[in-house]
Amino acid sequence: QIYGKLDLDVIAVNLFYSKSYLCRKFKEDTDKTILQFFYEKKISEAKLLLLNTPKSLQEISNLLNFESVQYFNTVFKKYVGLSPKQWKKAVNKPFVQ
């Protein structure tokens, strides 16, 4: 669930795997860690929220269950290359030839 916290122990127990096996198998199959995959999904959702709602960065950060707005900014920039504000500004900029 994108709006929740990631708990690998719970996921592993529900799938009847050890946590280490689950993480290793996921990485083998996707070439990503579970955490990378989870954050990519959260950032995709954050982009939708930034474009389609009037929510503030603090509200989006809280909604997506980041520890803080600063951490949300850090993760967003790591995956997108821009801060959320920079990204929103760039996306909303009209195309000029």
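Predicted, not measured: the structure shown is a model, and the values here were computed from it. These numbers come from the heavy atoms of this one structure, side chains and all, not from hydrogens, waters or symmetry mates.
- For the salt bridge (charged side-chain N to carboxylate O under 4.0 Å, His left out) condition, no pair includes a residue of residues 59-69, sequence neighbours left out.
- The side-chain hydrogen bond (donor to acceptor under 3.5 Å, both in side chains) test applied to Thr53 returns no partner, not counting sequence neighbours.
- To the nearest 0.5 Å, the span separating NZ on Lys27 from CG on Leu22 amounts to 14.0 Å.
- Considering only residues two or more places apart in sequence or on other chains, Tyr39 meets the side-chain contact (heavy atoms from CB on, under 4.5 Å) condition with Leu35, Lys42, Phe66, Tyr71, Val75, Tyr79.
- What you find for Gly4 and Phe38 is that their closest heavy atoms are O-CZ, 3.5 Å.
- Listed by first and then second residue, the ring pair (Phe, Tyr, Trp, His ring centres under 6.0 Å) pairs that reach into residues 40-61 come to none, sequence neighbours excluded.
- No side-chain heavy atom of Lys47 sits less than 4.5 Å from a side-chain heavy atom of Leu51.
- For the salt bridge (Lys or Arg N to Asp or Glu O under 4.0 Å) test, no residue two or more places apart in sequence or in another chain qualifies with Glu45.
- Considering every non-hydrogen atom in both Phe76 and Leu82, the closest pair reads CD2-O, 3.2 Å.
- Considering only residues two or more places apart in sequence or on other chains, Asn73 meets the side-chain hydrogen bond (donor to acceptor under 3.5 Å, both in side chains) condition with none of them.
- Distance alone, capped at 3.5 Å, places no donor-acceptor pair between the Ser61 side chain and the Leu57 backbone.
- Under the side-chain hydrogen bond (donor to acceptor under 3.5 Å, both in side chains) criterion, Thr30 pairs with no residue at all, not counting sequence neighbours.
- The salt bridge (charged side-chain N to carboxylate O under 4.0 Å, His left out) contacts involving residues 7-25 comprise Asp9-Lys19, Lys25-Asp29, where partners must be two or more places apart or lie in separate chains.
- No donor-acceptor distance shorter than 3.5 angstrom exists from the side chain of Lys55 to the backbone of Ile60, with no hydrogens or angles considered.
- Here CD1 of Ile43 is found 11.5 Å from CG of Leu48. Values are rounded to the nearest 0.5 Å.
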In residues 11-18, what donor-acceptor pairs under 3.5 Å come from side-chain atoms, sequence neighbours left out?
| unit_1 | atom_1 | unit_2 | atom_2 | d |
| --- | --- | --- | --- | --- |
| Asn14 | ND2 | Val10 | O | 3.2 |
| Ser18 | OG | Ser20 | OG | 3.3 |
| Ser18 | OG | Tyr21 | N | 3.1 |

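- Nearest heavy atom pair, residue Gln36 against residue Lys32, reads OE1-CA, 3.2 Å.
- Annotation: side chain of Thr33 is not in contact with side chain of Cys23 (no heavy-atom distance under 4.5 Å).
- Taking CG of Leu63 as the start and OG of Ser56 as the end, the distance is 10.5 Å to the nearest 0.5 Å.
- Residues Asn65 and Tyr3 have side chains not in contact (no heavy-atom distance under 4.5 Å, counting atoms from C-beta outward).
- Remark: Lys78 engages no residue in a salt bridge (Lys or Arg N to Asp or Glu O under 4.0 Å) (not counting sequence neighbours).
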